*Asks:* 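Before I ask anything, let me first share the structure, which is written out below as C-alpha cells.
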Amino acid sequence: MLARLRKNPAAKWLGLALVAAALAVLPFAVEATAGRGWVRIIDFALLYIMLALGLNIVVGFAGLLDLGYIAFYAVGAYMWALLASPHLTANFPAFAAMFPGGLHFPIWTMIPLGAALAAVFGVLLGAPTLRLRGDYLAIVTLGFGEIIRIFLNNLNAPVNITNGPQGITKIDPFSIFGVPFNKPLAVFGLNIPPVTLYYYLFLLLVVAIIFISLRLEDSRIGRAWVAIREDEIAAKAMGINTRNVKLLAFAMGATFGGVAGGLFAGFQGFVSPESFTLLESIMVLSMVVLGGMGHVPGVVLGAVLLATLPEAIRYTVVPAQKFLFDRQVIDPESLRMLLFGLALILVMLYRPAGLWPSQVRKREFAAAEKAGRVEPEQFPDRTDASEGARL
Amino acid sequence: MSDLLEVRRLEVAYGGIRALKGVDFEVREGELVALIGANGAGKSTTLRALAALVRPAAGTIRYRGEVTHHLPSYALVRKGLALVPEGRGVFARLTVRENLEMGAYHRADRGVAADLERVFALMPRLAERSGQLAGTLSGGEQQMLAIGRALMSRPRLLLLDEPSMGLAPLMVQKVFEIVQSVAREGVTILLVEQNAKLALELSSRAYVLESGLVSASGPSAALLTDPKVREAYLGEAA
C-alpha cells in the first residue's frame with residue numbers, strides 16, 4: 001500500500017498535509033489530555049531527534065562508532081550560554097566594556113555559530129582518529145566526550161569561563177521578530193504557552209534536519225560514506241578522498257548536535273556539565289541503534305520512543321505500585337533504567353537490525369541469519385577433522 | 001612505445017622490516033606485465049605502493065611521465081590508475097550494480113551508463129545478478145565484479161592483485177579469460193600472481209620478485225622455459 005501511495009503524487013501530498021496538520025495540533029491535544037508537562041517532554045524528544053540524526057550520520061552512514069557524541073551538544077549549549085547570558089560580562093570587565101548593554105545575541109546567530117563551532121570540534125575529534133575503527137575509535141571518542149565534560153566542570157579557575165559545576169544561569173530565552181518565547185503568545189484569541197512555542201521552533205528545525213539527512217544519504221557524499229563503512233581500502237581505490245570524507249562525516253554529524261545544544265540552552269535557560277554525561281551519549285547511540293542504524297525514519301522513531309517511553313514509565317509505575325502494594329516498592333528512576341535495559345535486550349534479540357531498519361540493513365541481517373543456519377552443518381566436519389588429527 | 005609506468009629503486013618498509021629493497025621495473029603502454037614470486041616476496045607491497053596505499057621509503061614511481069609517489073590514492077584514480085585490491089574488496093552490502101556505479105565515483109562525464117553496459121557485456125554473469133548483494137556472489141563472481149568495478153573508472157593502467165586467490169580452477173580460467181579480453185581492449189595491465197604458470201602464459205613480459213628484489217625478468221615465454229624459474233615457481237625439478 002505504501003508503494004502505491006508513493007507512486008501517486010496527489011496522495012503523497014495529501015498524506016504529508018495530514019501529518020503536518022496532526023503535528024500542528026499535537027501540543028494542544030497533548031496539553032488538553034495529559035497536561036503541559038508532556039508538551040515539555042515532547043520538546044525534549046524533538047531535541048533528541050536532532051541529536052540522533054546527527055549521530056546517525058557518523059555511526060549509521062559512515063560506520064564510525066562515536067561514544068562521545070554528547071560533547072557536541074555540550075559545545076553548542078555552552079556557546080549559546082556564554083553568548084546570551086550575563087556570565088561573561090559579569091566576570092570579564094573587557095566584555096562588559098565591549099558590550100555595555102550586556103551579551104544578548106539574537107537566535108539567528110545561534111544556528112550558524114553553533115553549527116560551525118561544533119563542526120570545528122568534530123574535525124578536532126576526527127583528525128587524530130582517522131586511522132582508528134571500531135572498538136579503538138569508540139574508546140577515543142568516549143575519552144573525547146569526557147574531556148569536554150571535565151573541562152566544562154573545571155574551567156571556573158583561574159579564569160571563570162564556564163562557572164564550573166554550578167553551570168551558567170540566566171540564559172536569554174529565544175525571541176523571534178520581537179516575540180519572546182518565555183511568555184504566552186496570544187494569537188486569534190488562542191493563548192499559546194511557551195512550551196508550545198518552543199515545540200514549533202524545534203519542529204521546524206527537526207524537519208530541516210530530516211530533509212538534510214535524507215538528501216545527504218542520496219548524495220555523492222552519502223555514497224562515499226557507505227563505501228568507507230563497507231571497505232576503506234576499496235573506497236580509496238574508487239578514488240574517494242577517505243580522509244576528507246571521514247572528517248566531513250564527523251563535522252556534519254557534530255553540526256546537528258551543536259544546533260540542538262544551542263536550542264537546549266535557550267529552552268532551559270540554564271546549562272551545567274551534568275547534562276552532558278556519558279549516559280547521555282549512550283542514550284543517543286541507543287536511539288540510533290534501536291531505531292535502525294542509517295535509516296532516517298527509523299532513527300526518528302528510536303529517538304521518539306526512547307525519549308518518551310521512560311517518562312511514561314515514570315508517570316505510571318508509582319500509581320501502579322501504590323495500587324498493587326499500597327506503597328512504593330521500587331524507585332521509578334531505577335525501574336526506568338531496568339526496563340530500558342530489558343527493552344534493548346529484547347530488541348537486539350528479536351529485531352537486531354533495529355525497529356525500522358533500512359532495506360540494506362534488513363537484507364544484510366537476513367543474509368547473516370542464513371549464514372548462521374549453515375554453520376551447524378559445517379560444525380561436525382570440523383570436529384571430525386580434529387578428532388582424526390588427534391588419532 | 002613509451003613507458004606508462006616506471007619504477008626505480010623502490011623501497012618500502014613496514015616499521016623496521018624492509019619489504020621492498022630497491023625494485024626496478026617498467027610497464028609500457030598496452031602491455032600485460034606479470035609480477036610473480038613466492039609468499040612475502042613483496043608483490044602486493046609493490047602494488048600497494050603504486051596505488052599509494054603505502055608510502056615508499058625511497059625510490060621513484062613515474063606514471064605517465066610524472067612523479068606520482070607523493071600523490072594520494074584518490075588523485076591517482078583520477079589519472080586513470082585503478083587497483084583491484086587483494087581479496088577483491090567488493091562492497092558486500094551493496095548490490096552488484098551499486099558496486100559498479102561506485103567504481104565511477106570520480107567521474108562526472110555522461111559515459112557512465114555506456115560503460116556499465118560494456119562491463120555487463122564483458123561479464124554477462126554480473127548482468128544477470130545486477131540486483132543481488134555483492135556479498136552473496138561466489139568468489140569468482142566477486143573477483144569479476146571487482147575487475148568490472150575498476151573498469152568503471154576507465155583506467156589506463158589496471159593493477160590486479162592476485163585475481164586467482166581462493167578460486168576454483170575453472171573459475172580461475174574464467175577470470176583470466178576476462179583479464180585477457182580487457183587487455184585486448186587496450187587497457188594496460190600489471191598483474192600480480194602467485195599462480196606463476198598462468199600469469200606467464202597470459203602476460204607478454206614478467207618480473208620475478210624475491211625477498212624484495214627483482215631476481216629475474218624478461219619475456220614471459222623465455223621465463224617459462226628458464227630452468228631456475230621452473231624449479232622455484234612452477235614446481236618442477238631442474
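Labels below follow one simple rule: chain letters A, B, ... track the order of the sequence lines, proteins then strands, and each chain is numbered from 1. Everything quoted here is computed from the prediction, not taken from an experiment.
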*Asks:* Should the heavy atoms of other residues, nucleotides or ligands under 6.0 Å from CD1 of B/Ile17 be counted, would the total exceed 12?
*Replies:*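 Open.
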*Asks:* Most heavy-atom pairs under 4.5 angstrom with chain B, which of A/Ala224, A/Ala237, A/Ala227?
*Replies:*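 Most heavy-atom pairs within the cutoff with chain B belong to A/Ala227.
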*Asks:* Flag yes if more than 12 heavy atoms outside A/Tyr350 fall under 6.0 Å of its OH atom; otherwise flag no.
*Replies:* no
*Asks:* So for atom CZ, which belongs to A/Arg215, do other residues, nucleotides or ligands contribute more than 12 heavy atoms lying within a distance under 6.0 Å?
*Replies:* no
*Asks:* What is the distance from atom CD1 of A/Ile233 to atom CD of B/Glu86, rounded to the nearest 0.5 Å?
*Replies:*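 If we round to the nearest 0.5 Å, A/Ile233:CD1 and B/Glu86:CD are 10.0 Å apart.
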*Asks:* Closest approach of A/Lys236 and B/Val77, non-hydrogen atoms and distance?
*Replies:*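 Smallest heavy-atom distance, with atoms named: O-CG2, 3.9 Å.
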*Asks:* Does any backbone or side-chain atom of B/Arg48 lie under 4.5 Å from a heavy atom of chain A? Answer side chain, backbone, both or neither.
*Replies:*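 Contact with chain A: side chain only.
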*Asks:* Would you please test B/Phe91 and A/Asp231 for side-chain contact (heavy atoms from CB on, under 4.5 Å) and show each step?
*Replies:* CA-CA 6 Å; B/Phe91 301 116; A/Asp231 189 322; 4.1 Å; yes
*Asks:* Counting N and O atoms only, with roles assigned by atom type, does the side chain of A/Arg220 sit under 3.5 Å from a partner on the main chain of B/Tyr105, one being a donor and the other an acceptor?
*Replies:*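 Present.
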*Asks:* Do other residues, nucleotides or ligands put more than 12 heavy atoms under 6.0 Å from the CG atom of A/Leu16?
*Replies:* yes
*Asks:* Would you name the heavy atoms of A/Met238 and B/Gly103 that are closest together and state the gap between them?
*Replies:* SD-CA, 3.5 Å
*Asks:* Please report the closest heavy-atom contact between A/Glu230 and B/Ala92, naming both atoms and the distance.
*Replies:* OE1-N, 3.7 Å
